[in-house]
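When reading the values below, keep in mind they use all heavy atoms of this one structure, side chains included, and skip hydrogens, waters and symmetry mates. The sequence lines fix the lettering, A, B, ..., with proteins before strands; numbering per chain opens at 1.
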There are 2 protein chains.
Amino acid sequence: MGTSSILDGNRFDTHSLGALDPAARALVERRMNTLGTGYRLFYRNPVLAVRGLGTRLYDAEGREYLDAYNNVASVGHCNPAVVEAVTKQLNTLATHSRYLQDGIVEYSERLLQTFPESLNRVMYTNSGSESNDLALRVARHHTGGTGIVVTSEAYHGTTASCAEVSPSDGGGGLPDHIIAVHPPNSYRHEGESSVAEVFAARVTRAFETLCERGHEPAALLVDSIFSSDGVFPVDGALQAAFAAARAFGALVIADEVQPGFARVGSAFWGFARDHAVPDLVTLGKPMGNGVPVAGMVADSEILDAFGQDVPYFNTFGGSSVPVAAAAAVLNEIRERRLFENAENIGAIVRAGMEELAADFPQIGDIRSAGLYFGVELVADPETREPGTAFAADLINACRESGLLISVCGPTSSTLKIRPMLTYTAEDAELLVERLGDALNVAARVARAGVA
Amino acid sequence: MGTSSILDGNRFDTHSLGALDPAARALVERRMNTLGTGYRLFYRNPVLAVRGLGTRLYDAEGREYLDAYNNVASVGHCNPAVVEAVTKQLNTLATHSRYLQDGIVEYSERLLQTFPESLNRVMYTNSGSESNDLALRVARHHTGGTGIVVTSEAYHGTTASCAEVSPSDGGGGLPDHIIAVHPPNSYRHEGESSVAEVFAARVTRAFETLCERGHEPAALLVDSIFSSDGVFPVDGALQAAFAAARAFGALVIADEVQPGFARVGSAFWGFARDHAVPDLVTLGKPMGNGVPVAGMVADSEILDAFGQDVPYFNTFGGSSVPVAAAAAVLNEIRERRLFENAENIGAIVRAGMEELAADFPQIGDIRSAGLYFGVELVADPETREPGTAFAADLINACRESGLLISVCGPTSSTLKIRPMLTYTAEDAELLVERLGDALNVAARVARAGVA
């Protein structure tokens, strides 16, 4: 574990600067002379993005890409309804939550309607990182404990507190009060027990170990679809794990930054797909379609004591413009019934991928929920040896064929594909077509390498 | 120390709900039923904000307020140039920094031109909290230490790591590896040594104590104008304190979230006003005039090792829309020479306040730099007993007279006044006039209380 897969699996190597065309090379050099070294670019040949529209991104040369990765612009690049609402707000008022405003209250009421009854309070932040950081503060305040259980390739954000619980961040080993367990891996599962049971048993064992080490349990923190672990929508896994955590008095935090806002199709939230109810839910990425806005939803019985002890203010969080963006996104999802679209279009993409799998033995497993896909690649279908090199070739071939996707998982061998919720059937077919083209290219490269 | 002044000094007491008019009361109740208990509203009679324009804010009844507090909309509410730039970007592209984009590179180059040569790299975040959290991570990575020195009423943000270094956050005592020192208080200073020397000696003593406790020094973290401590632009204080910290191998982090972006008039940054050069600088609030955007500027010699070890990605930070907002704000400040305006208009406001001080003995001290004011109120000019109750009456009287300001400092007795950089001379005179009106009202209330 801890191979920096989420951030480095699709990384431009700055030693390859010389291979870029002169314009891109000049821009990368200027970028390297102004931005910190921590920044990474996607692809062997980075995309110089200049325009987005609907499901497409365009580069400086006018080349069109089908965007199947950028889950921020979840209701489409430059969505007209969102642009209009944000523009209107920019021309009206942009101020913070210490003044009364209608917008934040109206949006909060509508947002909370998408949650189970017990999740009845919201707090606003500016990023998934701030949301997870806040949820960890609340969990530690509520339980008095510090022990956290996460999954082995989890990524929960960039703050000091979030980095500590993000094994895939590459920042080194975990501190003593944090334990990472393997996700519910339906592809690499053995034995009599169900995948969900095995996962719950790992959670139980982790909390036992924390107790043995003298760390009181505070929380189980999991992405509701195990995004950076490789995408595992496993029936019953969340339910079983949540129960296991609660047996130790720990709170359950569902990180919905990636799976949330109707992406999983059958439900508005990843946890709801599994009919599980967490104590705290963190929101982010697609919430404002490109305007920074994020938040945390909580059970008031858990949150009230924290709020009484710790005054909370976030200058931008819950301010006028981010709230206007979020309200427009929620409107789009509900009015256009994009969760149904995610389910229907997701089925078309999945069927196409299954056809490709029949032709390409490198496709070991296809996991999906709605419009969230993890396609695990293998070097050998018998041994299931991870297809890391093939995956790297494939995502770069996709980029050249006009399809933007990326990789995840401990060996960077699982394609992570997140088409926009607004995909049409034609978009879905084009995705499969371009993925097929790229598979042909990558397979040719692999054969040439062997020969 | 630690009286929660920054967040609670101007707090609406929810027990007073019954005193509000029915519409405001209904909205506050809906707010309480949706937002977490940690949220606070300003004023005994909260302002229901519906519109902003230039230097003015308007409430639901059409009442106009001169905004002298909201330093996010620093180039004016609904600034047309900023609105136009953001609208254009919203209609073009909103995506993240893993794709190449011109905008982030161009803005970074222009932003870095406002810094001393050694501060030559920037990283983008979504809030001052994320910026300070990142700076603390970098300082700890660079030094291998954990010890931090801050000021006694410091407020640096809401993440777990920032809350730990924010004594005014009200979250309880400081951990063993963090020490708070009193700010350079030019009003309550005694002895032979200069205010700056005394402050530097406190910093030295704090780092000595950290070493005695076995905590390696990591950083001195200070707001460059000591905002929440009560606003202390003291010549030489930053220079002396930075040198004291460096003698222990600690890095110096200048928190420019409040004083930055030309507010102090004579310089673009608070630290530059004192001709001091920090190692890391954190940016926030006014950077995007209401669009969430923030960042950290650093010396590449310090930042490079961190960036090589820790891949950094921030979904919204450095993405298209926040960068477009920030670029437009920087344009406005430079093209309209708003730093000169801050200096000139600041002088008018200051002169008016000094006239008021001649009439109102409650004004104990006026501290300012450019358009940043701390006006310390006293119950007794001889003993300098803090005028906490008077300050509370005064800011509420200001609100009723159509002037928005707030309070800061350990006893919530210092008015914190931050007019927009776009104030005209007429705005400055109106500020002084309304402050004078409110002083009369508050003085009458005080006399009635005594009688």
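Of the atoms belonging to B:D59, not a single heavy atom falls under 4.5 Å from chain A. Residue A:L57 touches chain B through its side chain alone, counting heavy-atom pairs closer than 4.5 Å. For B:V50, the part lying under 4.5 angstrom from a heavy atom of chain A is the backbone only. Interface remark: B:Y43 contributes side-chain atoms only to the contact with chain A (heavy atom separation under 4.5 Å). Neither the backbone nor the side chain of B:L134 comes within less than 4.5 Å of any heavy atom in chain A. With a threshold of 4.5 angstrom between heavy atoms, B:L111 does not approach chain A through any atom at all. Using a 4.5 Å cut-off between heavy atoms, B:N126 touches chain A through backbone and side chain atoms alike. Contacts of B:L136 with chain A are absent, with no heavy-atom separation under 4.5 Å from either backbone or side chain. Contacts of A:D304 with chain B are made by both backbone and side-chain atoms, with heavy-atom separations under 4.5 Å.
A:R56 is linked by a salt bridge (charged side-chain N to carboxylate O under 4.0 Å, His left out) to A:E64, A:D427, counting only residues two or more places apart in sequence or in another chain.
By a heavy-atom distance cut of under 4.5 Å, B:H77, B:C78, B:V83 are the residues of residues 73-84 of chain B near chain A, going up by number. Residues of residues 87-97 of chain A lying under 4.5 angstrom from chain B, judged on non-hydrogen atoms, are A:T87, A:L90, A:N91, A:T92, A:L93, A:A94, A:T95, A:H96, A:S97 in numerical order. Residues from residues 291-302 of chain A that place a non-hydrogen atom less than 4.5 Å from a non-hydrogen atom of chain B comprise A:V291, A:P292, A:V293, given in numerical order.
Chain B forms the most heavy-atom pairs under 4.5 Å with one residue out of A:F316, A:Y124, A:Y58, A:F12, and that residue is A:F316. When the candidates A:P322, A:S127, A:P46 are compared by the number of heavy-atom contacts under 4.5 Å with chain B, A:S127 comes out ahead. With chain B as the partner, the residue from A:T315, A:V257, A:V86, A:I104 showing the most heavy-atom pairs under 4.5 Å is A:T315. Interface check for chain B: of the options A:V28, A:T34, A:D133, A:N33, the most heavy-atom pairs under 4.5 Å are formed by A:T34. When each of A:L303, A:D67, A:T158, A:V321 is scored by its heavy-atom pairs under 4.5 Å with chain B, the top score falls to A:T158. Of the listed residues (A:A24, A:G290, A:G36), the greatest number of heavy-atom pairs within a distance under 4.5 Å of chain B belongs to A:G36.
For the pair B:N314 (side chain) and B:T125 (backbone), a donor-acceptor distance under 3.5 Å is absent. Checking side-chain atoms of A:R11 against main-chain N and O of A:R40 turns up no donor-acceptor pair under 3.5 Å.
The closest side-chain heavy-atom distance from A:L35 to B:V122 is below 4.5 Å. Looking at B:M32 and B:L17, their side chains come closer than 4.5 Å, going by heavy atoms from C-beta outward. At a threshold of 4.5 Å between non-hydrogen side-chain atoms, the residues A:F42 and A:V47 do not count as touching. A 4.5 Å side-chain heavy-atom check between B:E109 and B:V105 finds at least one atom pair inside the cut-off. Side chains of A:I148 and A:R140 form a contact here, defined as non-hydrogen atoms less than 4.5 Å apart.
A cation-pi arrangement is absent between A:R137 and A:F306, since the terminal nitrogen or guanidinium carbon is not both under 6.0 Å from the aromatic centre and inside a 45° cone about the axis. Remark: B:R98 qualifies as a cation-pi partner of B:F313 under the 6.0 Å distance and 45° angle criteria applied to the six-membered ring.
For B:E29 and B:R25, the salt-bridge test passes: some basic side-chain N is under 4.0 Å from an acidic carboxylate O.
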